[in-house]
Structure formats: structure tokens, C-alpha cells
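By convention in this document, chain letters (A, B, ...) are assigned in the order of the sequence lines, proteins followed by strands, and residues within each chain are numbered from 1.
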2 protein chains.
Amino acid sequence: MSLDRTDRRILAILQLDARLTNQRLAERIGLSPPACLKRVRRLTESGHITRQVAILDPERLGPLLHIVVEVTMERDRKDLYQRFLLRAVANPAVKQCYQVTGEVDFVLVVVVPDMNAYDRFCDDVLYADDNLRKFRTLVSRFRNKFDTAIDVGEPAM
Amino acid sequence: MSLDRTDRRILAILQLDARLTNQRLAERIGLSPPACLKRVRRLTESGHITRQVAILDPERLGPLLHIVVEVTMERDRKDLYQRFLLRAVANPAVKQCYQVTGEVDFVLVVVVPDMNAYDRFCDDVLYADDNLRKFRTLVSRFRNKFDTAIDVGEPAM
DNA sequence: CGTGAAATATGTATCGT
DNA sequence: ACGATACATATTTCACG
């Protein structure tokens, strides 16, 4: 499906602030509320908008460890990759998983309350896979930026 | 500020689906709509909820490259780190930035439309810093998981 | 897409526990 | 301090042009 300028403006705005009422959104893009609502619904049903979520401040919910894990597999076999992925993606500590090219095969972003929980994660996901050759743990001291918005070709303003 | 079970249930629900009306949220946690609204507002004003956003499907907005970049600095000086951070965080292609311990100093998640844009990013952020010793580029072929929710100690259900 | 009206939801004031 | 009820305001949503 193709998006016009108005659709992309809606996306640009909503990915920065989804708390806007449809009415205010409509006036910001210069449309009547029903016309605007129809577009938002279309964008949601077409899957352009996958969901709307509240972003929490991790700092305020007790100490949380953000850890980047690089995983290198033994053999490059699709079925073994898939087996690892299933376990990784199913684990609630794994917040992001990227399959990358190069020496490393996967990069995970793992969020856990403490190092004990990270040990458990290692047992459950990493050591549990016999095709995993090695992994490298990068413990984050600060998360300096976390932005969920992507470029849609239109400014939100 | 301390959160009770009800607050944490609200957070658990809203970080999965912020499209819920206050009325439905209220009935799900067993409160009257006004009482529920007061809590949500308190959680927003206290900064526990930092914002509400629409998450878009990157696949449907033209091809996008997700790239993990590991950055290693020359000298471990706070002011030079800060200078790098300012540039990195200000760049719109940088979606996430973690300051990590170990051999690597920073991990960035960069999202760009293509390799040309990545080259520009390298010039603007990486090569522009004379305290940067080396960086490693991990190009993502698939993003298998992207979850913005964190554990709040209560299930959303 | 816009208008207007009906159905819902939000927000406020007040009272009770 | 917290929650419920009732009422007023605002928003969503539908039918129609």
C-alpha cells in the first residue's frame, strides 16, 4: 500500500506522541476528525502502526542492567540458527535481537535486574545451545539514547 | 516515590497497549475510571511513564538498514567521551546509544535507509571524532525482536 | 472529505471510607 | 489518602451529503 504525505505526517507525529487526541491530530494536519481517524485506522489495519505503547523510565523501577550480547555460532546452519532464535526470542529478558553479518551472528539487547538474572539468562539461552561457539558480554553503564521513532520522510512539525 | 501493585499493573498493561481507553483500563484493574485516571496521571507526572508512542513497522516504510556499531575510544577521558556522545546522540540516525564496560566503549544502534546514508553517518559521527580509535560495523539482516516493555513485577494479565 | 448528531470517554466536584 | 458516584465537558464515531 502507498502512503501519501498526510499519512506520513500522521505517522511522524504519532510515533513521537501517541497521546494526542484524534481531534488535535486532525487539526494539526488540517483534516476533519473523522477523515483523520479513518487514516489512523487504515494505517493500523495495514500494519504500518504495529502498536501503541507507554515507554517507561527504567531508572525508576529499581536497578536494571542493560547488556549487549554478541553471539557467534559454530556452524552456519539455518535450522540451528532458528533453534537458537526461538529460545532467544521467547526469553523475556531479551528485548531486542538482530541477526547480523560478519564474524558475529546475533546481537541481543538483554535487560535484567541484576547479574544473577543475567547468569540465569546465559544458562537458559546461551549455554543451552550446543551450536553456540562463543559470546561476548558488553554491560551498559548508561543508556544515553533510546528513540523508537524512524524516518518517515516527513517532519512531525 | 513508591508504587503499589495497582500502579505496577497499570504500567504493565500500558507498556503493552497504550491504546486502551481509561475506562477499559479501569475495569481491567478493578477501579473506577476517575481513580484509575488519577493513577495514570500521577505515573505520568512522576516520570514513570515517559511518553506514549506509536511503534511503526520499519519494513513497510521502504528498505531500512539496522546497524549495530561498536565504538572504541583512544583515551578514556570523560570530556572526550562527552564530546563524542553529544554528536552521537544528536544524530537522527542513532536510535540507541549504550556506554558499556570492557574493550568496547560505546554500542550504537543506527537506522539508515541505505549504505550511502551509513557512510554519511560514519563521516559525521565516527570519523569526525579524533579520539575515536576504531569501530566495528555489524549490519543487521533481520530484526527478530523489538520489545519496549520492561519487567515491572506484575503480569499485564 | 466534511458536517452534524449520537454514543463514549474524560475530567471535576463531592462525598464516604 | 484513596476510591466511588454523579454530573459536566470533550472526544470518538456513525450516517449522510
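Here A:M1 is tied to no hydrophobic group at all, with no ILVMFWY side chain closer than 4.5 Å.
Taking five base pairs at each end of the helix from C:dC1-D:dG17 to C:dT17-D:dA1 and finding the rotation axis that steps the C1' atoms of four pairs onto the next four gives two axes whose angle is 30°, to the nearest 10°.
Between B:R39 and D:dG3 there is a side-chain N or O to OP1 or OP2 distance below 4.0 Å.
Ion pair A:D105/A:R75 not flagged as a salt bridge, since none of the NZ, NE, NH1 or NH2 atoms sits closer than 4.0 Å to an Asp/Glu carboxylate oxygen. The residues B:R83 and B:D129 are annotated as salt-bridged, a charged nitrogen and a carboxylate oxygen being separated by less than 4.0 angstrom.
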With 3.5 Å as the limit, what N/O pairs link the protein to nucleotides 5-8 of chain C?
none

Measure all distances between protein nitrogen or oxygen atoms and nitrogen or oxygen atoms of nucleotides 13-17 of chain D, and list the pairs falling under 3.5 Å.
{"from": "D:dC14", "atom 1": "OP2", "to": "A:R41", "atom 2": "NH2", "distance (Å)": "3.1"}

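Identified under the ring-ring contact (aromatic ring centres under 6.0 Å, His included) test for residues 128-157 of chain B, with sequence neighbours left out: B:Y127-B:F135.
Taking atom CG on A:L25 and atom C1' on D:dA10, their separation rounds to 16 Å, with Å as the unit. The distance from atom CZ of A:R19 to atom C1' of C:dG11 is 16 Å, rounded to the nearest whole Å. Across the protein-nucleic acid pair, A:R42 atom CZ and C:dC1 atom C1' stand 13 Å apart, rounded to whole Å. As rounded to whole Å, 8 Å separates atom C1' of C:dC1 from atom NZ of A:K38. Between the P atom of D:dT11 and the CG atom of A:L20 lies a distance of 11 Å, rounded to the nearest Å.
Remark: A:T50 pairs with no residue by the side chain to side chain donor-acceptor pair (under 3.5 Å) rule, at least two apart or across chains. Taking A:N116 as the reference, nothing meets the side chain to side chain donor-acceptor pair (under 3.5 Å) condition, with sequence neighbours excluded. Applying the side chain to side chain donor-acceptor pair (under 3.5 Å) criterion to A:R136, with sequence neighbours excluded, gives A:E70, B:E70. Annotation: side chain to side chain donor-acceptor pair (under 3.5 Å) contacts of B:R42 (sequence neighbours excluded): B:D7.
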Show me, pair by pair, the donor-acceptor contacts under 3.5 angstrom made by side chains of residues 147-154 of chain A, not counting sequence neighbours?
{"from": "A:D147", "atom 1": "OD1", "to": "A:A149", "atom 2": "N", "distance (Å)": "2.9"}
{"from": "A:D151", "atom 1": "OD1", "to": "A:G153", "atom 2": "N", "distance (Å)": "3.0"}
{"from": "A:E154", "atom 1": "OE1", "to": "A:R5", "atom 2": "NH1", "distance (Å)": "3.0"}
{"from": "A:E154", "atom 1": "OE2", "to": "A:R5", "atom 2": "NH1", "distance (Å)": "3.4"}

Report, one line per pair, each donor and acceptor closer than 3.5 Å where one atom sits in a side chain of residues 60-69 of chain B; sequence neighbours left out.
{"from": "B:R60", "atom 1": "NE", "to": "B:D57", "atom 2": "OD2", "distance (Å)": "3.2"}
{"from": "B:R60", "atom 1": "NH1", "to": "A:S46", "atom 2": "O", "distance (Å)": "2.5"}

Side-chain donor-acceptor pairs of residues 20-27 of chain A under 3.5 Å, sequence neighbours excluded:
{"from": "A:T21", "atom 1": "OG1", "to": "A:R24", "atom 2": "N", "distance (Å)": "3.2"}
{"from": "A:N22", "atom 1": "OD1", "to": "A:L37", "atom 2": "N", "distance (Å)": "3.4"}
{"from": "A:N22", "atom 1": "ND2", "to": "A:P33", "atom 2": "O", "distance (Å)": "2.9"}

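Among the protein residues, B:S32 comes within range of the nucleic acid bases, having at least one heavy atom under 4.0 Å from a base atom.
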